[in-house]
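First comes the structure, then the notes that go with it.
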Amino acid sequence: MDITAVDRSAISGDTLLHRAAPSSKLVATALLLAAVVNVNDPLVAAGLTLSLTGAAAAVRLPVRQMLVLALYPAVFALVFAFAAAANVPLGALVVLKAVTAALAVVTLMFSTPYPQVFAPIQRVTPRVVGDALLMTYRSLFILADKFSDLSRAIRLRAGLSRRQPVRAAAATVRAMGGLLLYSLDLSQREYDILHLRGYEGGFRVVRQRSADRSADTAALIYSAILLGVVAAFRWIPGLAGYAWLVTLAGAVDLATGALIGRRRR
Amino acid sequence: MSHIHIPDGVLPWWLWVTGWVATALLLGMASRMATRTGTRRAVPLVGAISALVLVAMSIEIVPIAYHVNLTVIAGALLGPWLGAISAFIVVLVLALVGHGGITVVGLNTLMIATEMALGWALVHGGLRLLGSRRVRPVAAASTIVTLAITTTMLVGIVALAGSGATARHTGALDVETLEFRNPFSGDLINVGLLGGDNHGHDGEHATEAGHVDEHETEAEHDDEHEEGGALSVSRFAAVVYTLGPIGWVLEALVTAGVLGYVVRVRPSLLLRSVNAPPSASARVGDEHGGR
Amino acid sequence: MNRHTHDHGRLAGADEVIRISCVRHTYEDGTSVHLCGLDFLAHIGARVAVLGPNGSGKTTMLYHILGLMRPQEGVVTVFGVSPSEEWTRIRQRIGVVLQNVDEQLLAPTVIDDVAFSPRQYGMSEADALAAAHRALDLLGIDHLADRVPHNLSGGEKRKVALAGALVMEPDLLVLDEPFEGLDPESRAGLLGLMDRLAMERGVTIVMSTHDIDSVPEFADYAYVLAPGGRIALAGTPEELFANADALTEGNVNPPILAELFARLRERDSTAPRPALSVAEAVDALAGWKGCQEPQA
Amino acid sequence: MNRHTHDHGRLAGADEVIRISCVRHTYEDGTSVHLCGLDFLAHIGARVAVLGPNGSGKTTMLYHILGLMRPQEGVVTVFGVSPSEEWTRIRQRIGVVLQNVDEQLLAPTVIDDVAFSPRQYGMSEADALAAAHRALDLLGIDHLADRVPHNLSGGEKRKVALAGALVMEPDLLVLDEPFEGLDPESRAGLLGLMDRLAMERGVTIVMSTHDIDSVPEFADYAYVLAPGGRIALAGTPEELFANADALTEGNVNPPILAELFARLRERDSTAPRPALSVAEAVDALAGWKGCQEPQA
Ligand SMILES: Nc1ncnc2c1ncn2[C@@H]1O[C@H](COP(=O)(O)OP(=O)(O)OP(=O)(O)O)[C@@H](O)[C@H]1O
Ligand SMILES: Nc1ncnc2c1ncn2[C@@H]1O[C@H](COP(=O)(O)OP(=O)(O)OP(=O)(O)O)[C@@H](O)[C@H]1O
Ligand SMILES: [Mg+2]
Ligand SMILES: [Mg+2]
């Protein structure tokens with residue numbers, strides 16, 4: 001979970017997806033999640049994963065970093081699969097679902113600055129919740145900086161040595177106590193500022209508009225097609241035998257995606 | 001922190017939808033209660049404490065990759081209502097940055113909100129009973145009791161879900177694999193506290209691999225499970241209750257250490273809220289004595 | 001939105017913006033700051049510097065002006081009202097940049113942060129954004145509009161915070177150690193901007209600083225706090241720095257040039273009167289060498 | 001521990017403490033700092049100042065000296081070894097105070113904080129406490145021993161941090177902007193202390209600062225970084241500040257006195273050579289006026 005990497009890509013990246021309107025990307029992500037929830041054939045799920053990866057590669061998102069993040073839920077899915085799934089295909093389905101869902105969300109986060117992702121959430125939640133959500137993300141970076149300052153100081157003052165793990169742990173716990181005090185002070189100062197600047201509740205975020213209509217259309221159509229395929233295989237029984245075609249299509253997607261991504265580079 | 005690591009699209013939809021609905025209700029109620037003390041006070045406080053919890057979860061305390069959660073502390077400082085809001089925010093941010101489990105955000109919020117509310121009630125009850133000098137034992141005991149109760153809740157959810165293989169970690173203790181592991185491999189912050197500077201991550205992927213291997217053997221035992229059927233709640237519970245306590249103790253030690261430090265450095269912090277009505281604990285950050 | 005009508009009828013002078021009279025504040029741990037001695041006064045369009053050693057109470061004083069603290073004793077009035085009680089009545093007229101700029105940028109993006117106050121005060125979205133862009137332009141940082149605060153450099157953060165303070169076109173600007181950590185060039189830029197604000201718009205500026213050498217350049221009037229909060233000295237920079245002894249008593253080192261001239265005078269009584277800028281000093285010294293009358 | 005031999009031998013002379021040679025560091029976001037141009041050298045007992053505008057790479061350079069960053073290109077040696085690789089071998093000889101003192105105070109009381117390193121290095125409890133008290137005494141703040149660091153004023157915190165850095169009696173002291181937020185008196189006290197450390201104990205001091213006016217007082221040698229990290233200028237303060245044009249190019253304003261004398265010379269070519277302290281300047285000016293012979 002490297003928030004700074006996500007943030008960096010979202011803010012300084014410049015891919016086709018970065019140019020799409022955040023609202024379109026949110027809808028596309030929702031469609032993909034619906035597809036993940038409904039997919040019930042491992043081969044179709046594999047196709048889904050592959051083509052999503054292919055799409056990310058095609059627009060030149062940092063696919064490798066994204067996959068590392070998506071791997072985390074995969075590990076837990078594997079645990080789940082081995083314990084719960086009756087057979088290998090079902091186990092594979094569980095893992096693929098986890099990876100695909102994570103990949104969909106991560107694609108959104110890697111191509112959209114966090115305010116634009118949180119703003120729609122903020123609009124549908126109570127004021128305190130939405131505002132606190134935006135405030136959390138802002139504070140996260142301040143605190144992370146603070147903590148790296150703290151641990152740097154511990155390091156320089158010889159607080160950490162492998163030979164004395166207990167002392168090292170104690171020093172770290174202290175640092176955490178210091179961080180706690182700091183975050184309370186921080187909230188006090190933030191409160192002062194809110195007061196001074198006339199806060200009455202309700203942060204507002206300028207809505208980012210689409211910089212490229214075709215990007216929105218592409219994202220929406222692409223995820224709609226994937227959902228359509230999933231739905232077809234779920235509810236049209238006759239198709240079950242052809243699920244391998246979806247996997248194949250996914251593989252082709254990935255290959256072309258990788259090629260396009262490389263060509264553009 | 002009790003955290004259900006269930007992949008999206010696996011849990012029965014009625015369960016996670018119920019989780020979302022309950023969370024929505026909880027948040028509605030919480031924000032009404034929270035705004036009584038003023039939105040302006042609540043927003044920065046919840047923001048800072050949620051950020052603190054998120055940062056803390058990325059810190060390794062012991063080289064074997066044990067990480068803290070600070071939910072009891074967050075609960076003690078925020079109180080139950082702001083705690084519920086903070087729980088939602090923490091879970092949501094985790095899900096968005098690649099933790100997975102967007103659909104189970106609702107269920108996870110309920111778990112952590114409960115943990116924070118329990119932590120708040122126990123810490124403050126204990127301090128009122130025993131006095132602030134005993135902050136360490138109070139904090140430690142509260143943490144253990146809180147985690148024991150939420151673990152029981154988790155077993156309940158597992159029973160509801162009808163699947164015996166819900167993976168869970170208490171602290172970072174993965175009860176399924178009987179080992180401690182750090183779920184935040186690529187840390188939030190790039191500070192290798194004990195290792196070399198910027199290259200602390202390689203080793204962890206190795207443990208992840210080992211982690212998976214262990215499951216292959218374990219899976220054999222679970223072969224009798226049918227899809228979504230035959231739960232082994234009893235076995236799950238047995239594992240949780242025998243191994244969970246190690247995680248609880250570690251979390252308890254850290255909680256006691258941090259709260260002890262805080263009380264020594266700034267005694268007024270907890271004491272004030274001890275004597276104040278529950279909602280007033282939201283004003284904990286008020287240091288200037290001004291408005 | 002410049003209100004230049006000077007109708008602040010009160011007991012005190014019509015153009016009085018701030019008055020602080022024997023205010024006491026006791027912190028939780030018992031530390032007491034007693035802002036007494038002289039009265040602190042700031043008039044319309046004045047640029048006032050607050051000097052004093054570490055821990056003397058500069059920040060405490062500014063917090064009282066901003067209504068963040070309620071005086072336990074004594075009187076604070078800003079625009080004729082008590083800021084801690086009637087902050088909502090005067091807040092639109094006051095812009096603030098406190099010491100930790102990092103923590104003052106609360107909104108998710110720069111433009112949202114600068115547009116924060118206008119929106120909260122109920123301006124229409126279009127007006128709020130227009131005002132925000134005007135403020136960014138004023139500071140020459142419109143290109144930062146879509147950036148996220150945590151990626152900015154220290155100097156940029158300070159400018160964004162300043163834009164947020166200026167967006168409502170305030171009549172009073174309160175700055176706590178605005179030069180901390182800035183290199184000389186950024187500092188000069190900031191000084192120039194404050195000059196313009198005071199001259200062209202009649203903005204009253206109150207700022208605390210340790211940077212004594214920039215006081216003559218920046219301030220019309222300065223107050224010196226002694227430890228404990230006592231307002232020990234007051235005067236124009238010329239008056240203050242001419243009186244090196246009193247300054248030293250007040251635990252403030254005079255600016256280098258003031259010290260140079262004071263010592264020169266000790267050595268040679270024909271030495272010119274203290275000059276406070278390099279240009280003036282060069283004139284004065286050259287004149288002195290030529291045994292001309294020093295210019296007034 | 002006094003190494004006062006001043007034979008600045010070339011090529012990794014025996015008394016060379018630090019050498020930085022064309023080091024490049026690229027931050028994760030692509031910002032690259034290239035500490036090249038001149039080599040950075042510090043000799044035993046030297047007091048070296050690092051100047052440069054905001055963002056020029058001063059902190060980055062100090063982090064390299066402290067082994068917090070691994071050079072991606074170029075060479076850093078401290079006490080003859082690479083700090084990023086063999087930090088444990090040299091860490092006891094190096095004391096550090098970074099920019100944000102707040103985050104460097106780790107223990108609940110001042111004495112615990114100062115005794116932190118000795119305890120970590122496995123000193124006996126009694127020795128650790130004795131060492132801590134010695135360090136507090138050295139800074140004249142033994143009365144703070146039992147206070148809680150969080151409640152101290154900024155200046156006091158900085159002194160405590162310094163005591164923590166001095167407690168192991170280091171041979172090298174690295175300070176990042178030690179004067180930030182300090183009032184002139186605390187600053188003078190700190191300058192005096194650093195003088196003593198360098199003179200009496202032969203401690204090598206490397207410090208970054210924006211406070212140009214104190215450089216002549218403090219430093220034997222100074223380096224000026226240009227934006228991007230280029231080490232653009234180096235020399236003794238006298239050499240550096242005599243050359244106003246090069247300084248301005250390097251985006252560093254010369255100290256006020258240097259500027260005064262430079263302008264005086266433009267006006268009148270008989271004006272004396274730049275003096276860098278007030279006392280010298282008074283002598284020079286008085287001598288110039290012809291009232292007295294300037295003292296040698
Ligand atoms: N939150 C606090 N709790 C207790 N004492 C405090 C607090 N804040 C400030 N003080 C004390 O009040 C006095 C005045 O502090 P203040 O911050 O106003 O000084 P200052 O003049 O701004 O100093 P500096 O130049 O270091 O910023 C100091 O003695 C300080 O220790
Ligand atoms: N963590 C970081 N990530 C990305 N870029 C960074 C980081 N830290 C510093 N930089 C960049 O590296 C350059 C050098 O920064 P550095 O902090 O060394 O400057 P400095 O000379 O210490 O500045 P200041 O006078 O403001 O302290 C700057 O351009 C800065 O923006
Ligand atoms: Mg202050
Ligand atoms: Mg720096």
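Just so you know, these numbers use all the heavy atoms, side chains as well, and skip hydrogens, waters and symmetry mates. Below, chains carry the letters A, B, ... as their sequence lines are ordered, and counting in each starts from 1.
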Chain B contact via A:Ile121 - which portion, at a heavy-atom distance below 4.5 Å: side chain
Portion of A:Phe110 that has a non-hydrogen atom of chain B nearer than 4.5 angstrom: neither
Spacing of CG belonging to A:Leu140 relative to CD1 belonging to B:Ile89, to within rounding of 0.5 Å: 11.5 Å
Approximate separation, where rounding is to 0.5 Å, of B:Ile49 CD1 and A:Ser187 OG: 6.5 Å
Pairwise distance CG(B:Leu96) to OH(A:Tyr114) - rounded to 0.5 angstrom: 13.0 Å
Heavy-atom closest contact (A:Ala144 atom, B:Val55 atom, distance): N-CG2, 4.1 Å
Contacting region of B:Leu27 [heavy-atom separation from chain A under 4.5 Å]: both
Chain A contact via B:Leu70 - which portion, at a heavy-atom distance below 4.5 Å: side chain
Selection from A:Val37, A:Val129, A:Ile142 maximising heavy-atom pairs under 4.5 Å formed with chain B: A:Val129
Side chain to side chain contact (heavy atoms under 4.5 Å, CB included) between B:Arg41 and A:Gln188, worked out: CA-CA 8 Å; B:Arg41 176 67 58 182; A:Gln188 172 63 43; 3.4 Å; yes
Neighbour count >12 (heavy atoms, 6.0 Å) for atom CZ, B:Arg32: no
Non-hydrogen side-chain atoms of A:Arg127 and B:Ser31 separated by less than 4.5 Å: no
Counting only pairs under 3.5 Å, give me each side-chain donor-acceptor contact of residues 254-264 of chain B, with atom names and distances, residues two or more places apart or in other chains.
| from | atom 1 | to | atom 2 | distance (Å) |
| --- | --- | --- | --- | --- |
| B:Thr255 | OG1 | B:Glu251 | O | 2.7 |

Interchain contact, A:Phe118 with chain B, by part (heavy-atom threshold 4.5 Å): side chain
Spatial distance of atom CD1 (B:Ile73) from atom CG (A:Leu180) [nearest 0.5 Å]: 6.0 Å
Part of B:Ile102 within contact of chain A (heavy atom distance under 4.5 Å): side chain
Residue among B:Val93, B:Ile85, B:Val46, B:Val43 satisfying side-chain contact (heavy atoms from CB on, under 4.5 Å) with A:Leu133: B:Val93
Rounded distance [0.5 Å steps], OG in B:Ser50 versus CG in A:Leu143: 10.5 Å
What pairs of donor and acceptor atoms, side-chain ones from residues 99-109 of chain A against any protein atom, are under 3.5 angstrom apart with sequence neighbours left out?
| from | atom 1 | to | atom 2 | distance (Å) |
| --- | --- | --- | --- | --- |
| A:Thr100 | OG1 | A:Thr49 | OG1 | 2.9 |
| A:Thr100 | OG1 | A:Leu96 | O | 2.5 |
| A:Thr107 | OG1 | A:Leu103 | O | 2.5 |

Evaluation steps, side chain to side chain contact (heavy atoms under 4.5 Å, CB included), between A:Thr136 and B:Leu54: CA-CA 9 Å; A:Thr136 298; B:Leu54 285 165; 4.0 Å; yes
